[in-house]
Amino acid sequence: MNYIWHTFFFNPIYNGLVFFVDSVPGGDVGIAIICITILVKLFLLPLSVSAARTQRVMREIEPQLKDIKEKHKNNREELAKATMDVYKEAGLRPFSSIFLLFLQIPIIFALYWSVYRGGGVPFPDINAALLYSFVPVPEAVNMIFLGFIDIATKSLPLAALAGITQFIHARLSIPTPVPRKANEPADFKADFARNMSLQMRYVMPVVIFFVAYSISAAIALYFTVSNLMAIAQEFVVRKHR
């Protein structure tokens, strides 16, 4: 597990961050975090596009799923089979969004560990022992993002921006749940789906805000840039559907 963590997450993120600190003007760590976030998002782009398309297709096949549910309401086995057939026909990958979410968790930890631990040497100091041979030690490391925000401390404006952009992305990507009709019988799966949709649209932005503010400005900046790219990607996917 330690080998996987260092080989695929911490070491690449740390080296990428140091590389960008050395490359950007003034050694601004905040700008370097933006660069590494964009690089990570580009690396995850195939999964991100798949997740965005999954959300779009789910909205499109919702009428079919309702018809199937009504047709096979007394036969769970047939309902499950018919539902999977619709997913297969639509080329749907239901778990792509979940996989993308879980994949980003170690990336966030790696970014935090890079800035605040650095293998025992936190920024602005650089642990040269962790650097790849082609990554130079920066001459200057500036922890004040754009001359205003200390990236090593908490930032309320950046945390708020992270929560707001998460809310906008959720509104764009998650379909509005259909409320249960007055005469509609209770359905655990339908109620669960409604609750999950509402939580992702309204609770998740609040969670992102508190996480971003509690941990650091670096993580708040990561969430903000990541959300902005996801919002742009959502518009691109919609335009080319």
Closest approach of [X] and [Y], non-hydrogen atoms and distance?
X    : Y    : answer
A128 : V137 : CB-CG2, 4.1 Å
A220 : A159 : CB-N, 3.8 Å
I151 : G30  : CD1-CA, 4.1 Å
V115 : A218 : CG2-CB, 4.4 Å
G26  : A140 : O-CB, 4.4 Å
S216 : Y112 : OG-CD1, 4.4 Å

Is there a path of hydrophobic side-chain contacts, each under 4.5 Å between heavy atoms of I/L/V/M/F/W/Y residues, joining [Y] to [X]?
X    : Y    : value
Y222 : L228 : no
L161 : I208 : no
F223 : Y213 : no
M143 : L156 : no
I31  : I144 : no

Can you measure from [atom1] ([X]) to [atom2] ([Y]) and round to the nearest 0.5 angstrom?
X    : Y    : atom1 : atom2 : answer
N127 : L131 : CG    : CG    : 7.0 Å
M229 : H169 : CE    : NE2   : 11.5 Å
L221 : I33  : CG    : CD1   : 5.5 Å
I38  : L42  : CD1   : CG    : 7.5 Å
N227 : K41  : CG    : NZ    : 7.5 Å
S114 : I126 : OG    : CD1   : 10.0 Å

Do [X] and [Y] have side chains that get closer than 4.5 Å, going by heavy atoms?
X   : Y    : result
D22 : V18  : no
V29 : F145 : no
L45 : Q233 : yes
L44 : I107 : yes
F9  : L111 : no

Is [X] atom [atom1] crowded by more than 12 heavy atoms from other residues, nucleotides or ligands, each under 6.0 Å away?
X    : atom1 : result
F43  : CZ    : no
F19  : CZ    : no
F210 : CZ    : no

Has [X] got a side-chain atom pairing as donor or acceptor with [Y]'s backbone, closer than 3.5 angstrom?
X   : Y    : answer
N15 : Y132 : yes
T7  : I4   : no
N11 : L130 : no

Test log, rule side-chain contact (heavy atoms from CB on, under 4.5 Å), inputs F235 and L172: CA-CA 9 Å; F235 282 114; L172 288 172; 3.9 Å; yes
Test log, rule side-chain contact (heavy atoms from CB on, under 4.5 Å), inputs Y14 and F123: CA-CA 11 Å; Y14 185 78; F123 273 63; 3.7 Å; yes
F10 and H6 aromatic ring geometry - parallel, tilted or perpendicular at 30°/60° bounds: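 Answer is perpendicular, since the angle exceeds 60°.
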